[in-house]
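The structure appears below as structure tokens.
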Number of protein chains: 2
Amino acid sequence: MVKEKLDNQTEKAILEAAGKLFTRKGFAAARMEDIAKEAGINRALLHYYFRSKEKMFDLIFDQRVNEFFSGLGEIMFSEKGLEEKIRAIVEHEITTLSAHPDLPIFVLQELNQNPQRFLDHAGKAGAHPSTLLKKFSAQVKDEIKKGKIRNVDPSQLLMSIMSMAIYPFIAKPILKTIFETDEQGFNLIMKKRKKEVPDFILSALKV
Amino acid sequence: MVKEKLDNQTEKAILEAAGKLFTRKGFAAARMEDIAKEAGINRALLHYYFRSKEKMFDLIFDQRVNEFFSGLGEIMFSEKGLEEKIRAIVEHEITTLSAHPDLPIFVLQELNQNPQRFLDHAGKAGAHPSTLLKKFSAQVKDEIKKGKIRNVDPSQLLMSIMSMAIYPFIAKPILKTIFETDEQGFNLIMKKRKKEVPDFILSALKV
DNA sequence: GTCTATAGCTGGATAGAC
DNA sequence: GTCTATCCAGCTATAGAC
């Protein structure tokens, strides 16, 4: 009666293939034929396992959204000080996205297509995303009151942090052209960015 | 013999409709039927004017890439000082994208799909995009040498500027949820950002 | 230049054999 | 559980009338 977890090679292969193709091409442009080929099986079997293209996509998308936001909550709700927290966020984002570079464009493209999805997803996850901002906001305001940092709008600050860490992965093709470099060179630049960005932010926050 | 420029209502209507739908849904998900309906004509006429879906898309895409980078070169190659230049870039990007919010996700999604396009496009435009970085880089290094600003990597700085201005528009559905606001509220936040971001950057550059 | 009708293809989904 | 064969809807593209 126990559901098999080790044996289903096929299911795993399909999910991997589907993840790859949906993430790369988006829902509409990814074809079942391609997914089947990538998984080394045929189209019919995809439907045997997952019934429809949409159901497959929903599985993948939810998983990707989770990856995209994984770890962020933990860091935000940890008891770290502000500086340490900022360093941890940037480090975490850049490390995650270096391993999964096309995560953000995929998730954000599909969310722009159907914003409701994010609310649905947040619903499943439990806490409303705004609690994350509130926690961060309180901490920033506290530091301002103590005179530790300059007076800045916490929302604007949070946006800036996330922007600086994530956007380069979205703009990668442009950046590779501008910097006249390849994949390896780009990754090196991102690695340096793990230190550069927090330093930049903290310098901006100095009183 | 002169090509009509005023009379072709239809061509204009089609381009507008196509722009709207391609930008919103991407190439694969946008259907000729929808474009025709949006333009108030029927499918056959689309082909009469533009032959194929791909040709239509190429026109739209090129135009969108131009919009996305419009004005940036001018500002970069102007004789403004660094501070003024940073303020101008951020102001320009946020203003442009407030008027065309789904420009970046469309352009960047399609460029990720086919990075070659950017090189092709840059080719047509004349100057290689890397000249833009070189100009900016020289100016930053000069200011550093003069002791006017902190020692920062110009490439990293440029990335940060663009990130902070552009990324929020890509992450809009997420931000609207986190900030618990609507379209109007979002626009207000972006308006404030035109000042907040340059101030933030300049503060980070202080010696 | 604009329409209707339709050809022709692509791709998701199902039936049924093994 | 996996395959082949096939159905059928949806979409691009074209032909031909007006």
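Below, each value reflects all heavy atoms present in this structure, side chains not excepted, and no hydrogens, waters or symmetry copies. Letters A, B, ... are given to chains in the order of the sequence lines, protein chains preceding strands, and every chain is numbered from 1.
- Residues passing the side chain to side chain contact (heavy atoms under 4.5 Å, CB included) test with Asp120(B) are Gln116(B), sequence neighbours excluded.
- Contact annotation: Thr10(B) does not reach the phosphate of dG1(C) (side-chain N/O to OP1 or OP2, under 4.0 Å).
- Considering only residues two or more places apart in sequence or on other chains, Ala29(B) meets the side chain to side chain contact (heavy atoms under 4.5 Å, CB included) condition with Ala28(A), Lys25(B).
- With sequence neighbours excluded, the residues that form a side chain to side chain contact (heavy atoms under 4.5 Å, CB included) with Thr23(A) are Arg64(A), Asp102(A), Phe106(A).
- The side chain to side chain contact (heavy atoms under 4.5 Å, CB included) test applied to Lys20(B) returns Arg24(B), Glu38(B), not counting sequence neighbours.
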Seminar exercise, completed: Per-nt protein contacts along nucleotides 3-18 of chain D (heavy atom under 4.0 Å; B base, S backbone sugar-phosphate only, - none) come out as BB------SBBBB---
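- Legend: residues meeting salt bridge (charged side-chain N to carboxylate O under 4.0 Å, His left out) with Lys192(B), ordered by chain and number and at least two apart, are absent.
- Applying the side chain to side chain donor-acceptor pair (under 3.5 Å) test to pairs two or more places apart or on separate chains, those with a residue in residues 42-52 of chain A are Glu33(A)-Arg43(A).
- Residues satisfying the salt bridge (charged side-chain N to carboxylate O under 4.0 Å, His left out) test with Lys195(A), not counting sequence neighbours, are Asp199(A).
- Taking atom CD of residue Gln9(A) and atom C1' of nucleotide dT2(D), one finds them 15 Å apart after rounding to whole Å.
- Bending across the helix from dG1(C)-dC18(D) to dC18(C)-dG1(D), expressed as the angle between its end axes from five pairs apiece, amounts to 10° (10° rounding).
- Regarding Phe50(A), its CZ atom lies at a distance of 16 Å from the P atom of dT14(C), rounded to whole Å.
- Shown for residues 13-21 of chain A: no residue has heavy atoms falling under 4.0 angstrom of DNA chain D.
- In this entry the distance linking NZ of Lys55(A) with P of dG12(C) reads 16 Å, nearest Å.
- More than 12 heavy atoms of other shown residues, nucleotides or ligands fall within 6.0 angstrom of atom CD in Glu183(B).
- The stretch residues 108-131 of chain B participates, sequence neighbours left out, in these ring-ring contact (aromatic ring centres under 6.0 Å, His included) pairs: Phe69(B)-Phe118(B).
- Partners of Lys135(B) according to the salt bridge (charged side-chain N to carboxylate O under 4.0 Å, His left out) rule, which considers only residues two or more places apart in sequence or in another chain, are Glu79(B).
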